[in-house]
Structures are given as C-alpha cells and as structure tokens.
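Here is the structure we will look at.
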Amino acid sequence: MTARPPIESAAFGACPVPASRYDVVVLGHGSGGRLSRDLFESVFSPLLGADRALALEDQATLPFPAEGRLAVTTDAFVVHPLEFPGGDVGSLAVHGTVNDLAVGGARPLYLTASFILEEGLPLSTLARIVASMKRAADAVPVRVVAGDTKVVDRGKGDGLFVTTTGVGFVPANVALSATLARPGDAVVVSGTLGDHGIAILAARKGIELDTRLESDSQPLFALCQEVLRASRNVRCLRDPTRGGLSSALNEIAAASSVGVRLFEEKLPLRAEVRGACELLGFDPLYVANEGKVVAVVPREDAEAVVLAMRRTPAGTDAAVVGEIVEGHPGVVTLRSVVGGERVVALLAGEQLPRIC
C-alpha cells in the first residue's frame, strides 16, 4: 500500500475525504462516496460494457422473451487461490452461474455480480479478475447488467468473494428434472473427472505434477444445447461441482427413486488426476468439476448424445459411464474392473474445501 495521503479540509462540518490514488483496496472504497465511484469507473465499469449506465440505477430493467419460462440461479464463489491454472474466481463465477442455468435447459441472458473486497487486496489483482470475468461473459455470451461492492476489514474476507445471480430463458418444449430418470436409461459424462479439484489442490499446496493440469472451468451452454438437439427425451442434466460425480448421481437416484450403477473402466480420468488421487487418498468420484455435464438419457439415445458432446470443445472426452437400474433405489454403486461392486455414498464432510 502506498503512503497514506493527506486529509482534505473538514471545514463546514464536512467529513474528511482521503485522496483517491491507491494501489490496494481500502475501507473507503466501500463508503459509497468518491472512492467507490472511482473504483467503479476504473475497474468495474468495463465489465458492464454498453450497459454501464444501468449501474447508475438501483436495478436493471431488461427485456425478456414473451414465451417460455424464467430460470433463476444464485451462487457464491470463495475459491482459494483467487487465480489458478485454467481460471480465476471471476471466470469461475461466470461459468458456474451460466452452467447452472444451462443444465436446466435455459439460455443464459443476464448476470448480476456482488463483490466482497478485503482491505489490502491489490487493485491490480482485482482488475485482472474483473477483466477475466468480462471475457468469460462475452464468450458465452451473457450480459452482466448490475452489481455491488462491499469492503470488509483486513483479515475478514480472504481477498475477494464473488456472488452472482443468473437469469435465463427456458423454451416451452424443454422440461428437465432429476425426478425423470428411469430404469434402463444411460448415464453419460462430457469428459474427464476431477480436473478442477486437483488443479486447485496442486496450486494451493505447491504440488508438482508430471504435466501442467488446468481447471476445467468453462461454459457449458453450447454443449447442453447440442445434447438437447441430439435427444428429444433427455431426462436431466447436472454439472457435478462440489461433491463431484457422486453427489450429482446420488441426488438423481434419490429424486427418481432409482438405482445408479457406474462402471469403473468407463470413467474418463486423466493420468495425473488418477495419480494424485491415489497418492493423497482421494476418490475421483468425489472431486469437484467446473466444466463437465452429467446427462441421463434413454439408452437408445446414448450414442447420439456422446457424439453430440464430442462435437463441442467441452465434450471431446464424452463417454457412457453407467446405467439407471431398478434395484437398490436411491443408491449409487460402482462396479470395479475385477467385478466387485461398492456403494458410492454421498460425501461426508468436505474432501477439499474452498474449491469454488
């Protein structure tokens, strides 16, 4: 932090206001006054692009398609470190929110973002993260239309937290639900599992892998649309984030009162992820992903769905990994390469905290 600037005159009862040139976030950036305005103009205004005038109001009033349904989601992102191989908390916030809309069959339209800044956060770091957030939003594309900032005391915020709300449009002919899985359906994943969680762990702990492993954080809207075009009977889509594939499939099994059987030899895993999990005692089925989709589809549509996923950059390693069964309703099992079968229960506790 630069030296504390001089205090302006407090004549006529005015509150003293510090000069506005800082290298790091200070409490005054959350005052709602001149420093707040300067922070908005220098860092956050570009995030809104052509819509920056909307931030001068207390809300954004926006057009919406006349037919179909409204999809809304909200999420908070507290990843550590803030910047990691393959992304940062800004791009992750966009991808995570957009993907929650996409797996519901929605076209993402609008995002709002709230930033909790810790006193002492370098403004250069904040600027990089906000710029990354804008690039991620432009790539979807989705419009960031409103936002807010708050500043907390040093030591109270771990640098930066981001909370986002997303709004999307679901066409009238799309209806996906975790309650729709049926015995005989196939379970498809769009690619390798556990990349995000292991990349975050390696960055946090300084673990050196044989090859550079990056987070799979990416938008999934295009992939989800390809899946919906390939099959008119998709039961449900899920993004297996916290809790990994295990949590996503346990939720589906419970909601539909069906069993799920996975096949170990069919699970797509990078060698470095498999090796790190074996070394650290992790189960890759519980490791977080931020750019993968789990699809439950009729068995006869599974091949077409896999091919549709593979036509997109996010789905090049798509594979059928399991099936929906009538036995053991509400329970997920894994059949090993040697023929044994074990229960894949919901994760108890947190295998790796602060990953999203």
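In this chain, residues are counted from 1 in sequence order.
- Judged purely by distance below 3.5 Å, without hydrogens or angles, the side chains of Thr165 and Thr74 pair a donor atom with an acceptor atom.
- Judged purely by atom type and a 3.5 angstrom limit, Arg238 has no side-chain atom pairing as donor or acceptor with the backbone of Cys236.
- Distance alone, capped at 3.5 Å, places no donor-acceptor pair between the Arg261 side chain and the Ile324 backbone.
- Other residues, nucleotides and ligands contribute at most 12 non-hydrogen atoms within 6.0 Å of the CD atom of Glu326.
- Between the Asp88 side chain and the Gly90 main chain, a donor and an acceptor come within less than 3.5 Å of each other.
- Distance alone, capped at 3.5 Å, is enough to place a donor-acceptor pair between the Glu118 side chain and the Gly159 backbone.
- When atom types are taken as modelled, the side chain of Arg69 and the backbone of Val174 share a donor-acceptor pair closer than 3.5 angstrom.
- Asn250 and Ser247 share no donor-acceptor pair across their side chains, judged by distance under 3.5 Å alone.
- Looking only at atom types and distance, the side chain of Ser336 has no donor-acceptor partner in the side chain of Glu264 under 3.5 Å away.
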Next on the checklist: Apply side chain to side chain contact (heavy atoms under 4.5 Å, CB included) to residues Arg235 and Asp185 and explain how you reach the verdict.
Outcome noted: CA-CA 9 Å; Arg235 312 300 193 199; Asp185 289 345; 3.0 Å; yes
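- A distance of 7.0 Å separates CG in Leu193 from CG in Leu285, rounded to the nearest 0.5 Å.
- A donor-acceptor contact shorter than 3.5 Å is absent between the side chain of Ser231 and the backbone of Leu228.
- Open room surrounds CD on Glu303; 12 or fewer heavy atoms of other groups in view lie less than 6.0 Å from it.
- Heavy-atom neighbours of Glu265 CD from other residues, nucleotides or ligands within 6.0 Å: above the threshold of 12.
- With sequence neighbours left out, the side-chain contact (heavy atoms from CB on, under 4.5 Å) criterion links Pro240 to Ala248, Asn289, Lys292, Val294.
- Hydrophobic clustering (ILVMFWY, side-chain heavy atoms < 4.5 Å, transitive): Val293 and Val320 are in one cluster.
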Under 3.5 Å, which donor-acceptor pairs link side chains of residues 97-108 to any protein atom two or more places apart or in another chain?
unit_1	atom_1	unit_2	atom_2	d
Thr97	OG1	Ala93	O	2.8
Thr97	OG1	Thr164	OG1	2.5
Asn99	OD1	Leu220	N	2.8
Asn99	ND2	His95	O	3.1
Asn99	ND2	Gln218	O	3.0

Checklist entry - Run the salt bridge (charged side-chain N to carboxylate O under 4.0 Å, His left out) check on Arg274 and Glu272 step by step: do they pass? => result CA-CA 5 Å; Arg274 186 188 302 275; Glu272 53 268 44; over 6 Å; no
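- Between the side chain of Ser132 and the main chain of Arg128, no donor-acceptor pair closer than 3.5 Å is present.
- There is no side-chain donor-acceptor pair under 3.5 Å between Ser215 and Ser217.
- In this structure, Tyr110 has its ring center at least 6.0 angstrom away from the ring center of Phe64.
- When each of Phe40, Phe161, Phe44 is paired with Phe115, the ring pair (Phe, Tyr, Trp, His ring centres under 6.0 Å) condition holds for Phe44 and for no other.
- Under the 3.5 Å distance criterion, the side-chain polar atoms of Arg342 are left unmatched by any main-chain donor or acceptor of Thr333.
- Side-chain atoms of Ser36 come within 3.5 Å of backbone N or O of Gly32 as a donor-acceptor pair.
- Shown are Val43, Val24, Leu39; of these, the side chain to side chain contact (heavy atoms under 4.5 Å, CB included) with His29 is made only by Leu39.
- Using a distance-only test at 3.5 Å, with no hydrogens or angles considered, no donor-acceptor pair links the side chain of Arg242 to the main chain of Ile355.
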